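To start, the structure itself, in structure tokens.
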Amino acid sequence: MSTTLPPAPKGTLLHHRTYDVEAYKADDGRLILRGSLHDQKPPGIYFDDDPEPLSVHLMVVELTLAFPALEIEKVDVLMDVTPHRGCSTIEQRYQQLVGLSIARGFSRKVKDLFGGPSGCTHIGALLQAMAPVAIQSMWSMRAVDETPVALTPEEQDEQRRRAMAFNADTCHIWARDGEQMARIEAGDELEPPVWAVERLEKLGRPADEWFKTGG
């Protein structure tokens, strides 16, 4: 599997947007998501002889989530670089996120609460980028658990089904009537992710070691 991007297209760079999202397991067992959106213009595109990139948006959102419910308990929004002085007056409105689940229906709820003149389009885009990271972090939260609770086979199966349910209908692979979900419903073991197999091969270890991580 290649992780090298193709060369950049030929031409003049006009704009560079980056999303950066990190997930942390807090000491109290909660899940913390920290995301940033950064828009930059290349050096000199607006002002001659300007040697540095020009930041036009820089926004940070931090969400504290209950785990495994993924319900938002705390919200911090910082609009650090904005084009207008009044942009940051919308920050407090995002406290309406408290109490929502970031799992199912979150994208629609964000659009309903903060779409159009009710919010900031860039914060909305950042929240949409952050939500999938919470789902991606569920197995990781369990993998780093230093004191895992011993579960019966039945409890393990139910936990696995509940975790996988978050993925239902999120893409073509996870279509509710597709092969992947059918295997879960039948209690079959899913294949390890391609990236896990390739990394274990590189380490000279068997692919089934993936299942020891709780995956």
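Values in this document were obtained by computation on a predicted structure and should not be read as measured data.
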Just wondering, do Asp112 and Val110 contact through their side chains at under 4.5 Å, heavy atoms?
no
Closest approach of Ile90 to Ser118 (non-hydrogen atoms, all atoms of both residues):
CD1-O, 3.9 Å
Side-chain heavy-atom pair Ile123, Val77 within 4.5 angstrom cut-off
yes
Determine whether the side chains of His38 and Asp20 contain a donor N or O and an acceptor N or O closer than 3.5 Å.
no
Between Lys25 and Ser140, is a side chain to side chain contact (heavy atoms under 4.5 Å, CB included) present by the stated rule, with each step listed?
CA-CA 9 Å; Lys25 182 179 182 181; Ser140 301; over 6 Å; no
Verify, without hydrogens or angle tests, whether Glu52 (side chain) and Pro43 (backbone) share a donor-acceptor contact under 3.5 angstrom.
no
For residues Leu54 and Ile45, determine if any side-chain heavy atom of one lies less than 4.5 Å from a side-chain heavy atom of the other.
no
Is atom NE2 of His172 surrounded by more than 12 heavy atoms (other residues, nucleotides or ligands) closer than 6.0 Å?
no
Could you give the distance from OG1 (Thr89) to NE2 (His84), rounded to the nearest 0.5 Å?
11.5 Å
Between Glu22 and Ile32, is the side chain to side chain contact (heavy atoms under 4.5 Å, CB included) condition met? List the steps.
CA-CA 8 Å; Glu22 296 176 320; Ile32 298 176; over 6 Å; no
Near Lys109 NZ, under 6.0 Å, is it more than 12 heavy atoms from other residues, nucleotides or ligands?
no
Treat each ILVMFWY residue as a node, draw an edge where side-chain heavy atoms are under 4.5 Å apart, and state whether Ile72 and Met141 are in one component.
yes
With no hydrogens and no angle check, is any side-chain donor or acceptor of Glu91 less than 3.5 Å from a backbone partner on Met79?
yes
Would Ser107 and Gln128 count as a side chain to side chain donor-acceptor pair (under 3.5 Å) here? Give the steps.
CA-CA 6 Å; Ser107 295; Gln128 304 285 9; 2.7 Å; yes
Between Gln96 and Tyr94, is there a side-chain donor-acceptor contact under 3.5 Å, judged purely by atom types and distance?
no
ILVMFWY network linking Val98 to Leu65, side-chain heavy atoms under 4.5 angstrom
yes
Quick check: do Thr64 and Leu31 have side-chain heavy atoms less than 4.5 Å from each other?
no
Modelled atom types, side-chain donor and acceptor of His57 and Thr82, under 3.5 Å
no
Set out, in order, the CA-CA distance, both residues' side-chain angles and the distance that settles side chain to side chain contact (heavy atoms under 4.5 Å, CB included) for His16 and Asp39, then state yes or no.
CA-CA 6 Å; His16 186 195; Asp39 280 330; over 6 Å; no
Do you know which two heavy atoms are closest between Met138 and Phe67, and how far apart they sit?
O-CZ, 3.9 Å
Please examine the side chains of Glu73 and Arg30, heavy atoms only from C-beta on, and report whether any two atoms are closer than 4.5 Å.
yes
Taking all atoms of both residues into account, what is the closest heavy-atom pair of Ser137 and Val133, and its distance?
OG-O, 2.7 Å
With the side chain counted from C-beta on, respond yes when Leu70 and Ile135 share a heavy-atom pair under 4.5 Å apart, and no when they do not.
yes
Salt bridge check: are Arg34 and Glu62 linked by an N-O gap of less than 4.0 Å?
yes
More than 12 heavy atoms of other groups within 6.0 Å of Gln136 CD
no
From Arg17 CZ over to His15 NE2, what is the distance, rounded to the nearest 0.5 angstrom?
5.5 Å
Indicate the atoms forming the closest heavy-atom contact of Tyr19 with Ala125, along with that distance.
OH-CB, 3.5 Å
Do Val21 and Leu58 share a hydrophobic cluster (ILVMFWY, side-chain heavy atoms under 4.5 Å, transitive)?
no
Minimum heavy-atom distance Leu200-Ala207, with the two atoms named
CD1-O, 3.6 Å
Linked, directly or transitively: Val60 and Val75 (ILVMFWY side chains, under 4.5 Å)
no
Does Leu33 reach the side chain of Tyr24, with side-chain heavy atoms less than 4.5 Å apart?
no
Within-4.5 Å side-chain heavy-atom neighbours: Thr121 and Phe114
no
Can you tell me how far OG of Ser55 sits from CD of Gln40, rounded to the nearest 0.5 angstrom?
4.5 Å
Can you check side chain to side chain contact (heavy atoms under 4.5 Å, CB included) on Leu127 and Leu97, steps first, answer last?
CA-CA 10 Å; Leu127 287 168; Leu97 290 167; 4.0 Å; yes
Quick one: do Val56 and Leu37 end up in the same hydrophobic cluster if we chain Ile, Leu, Val, Met, Phe, Trp and Tyr together by side-chain heavy atoms under 4.5 Å apart?
no
Atom of Leu14, atom of Pro42 and distance for their closest heavy-atom approach
O-CD, 3.4 Å
Strictly distance-based, threshold 3.5 Å: is any side-chain N or O of Arg176 a donor or acceptor partner for the main-chain N or O of Met181?
no
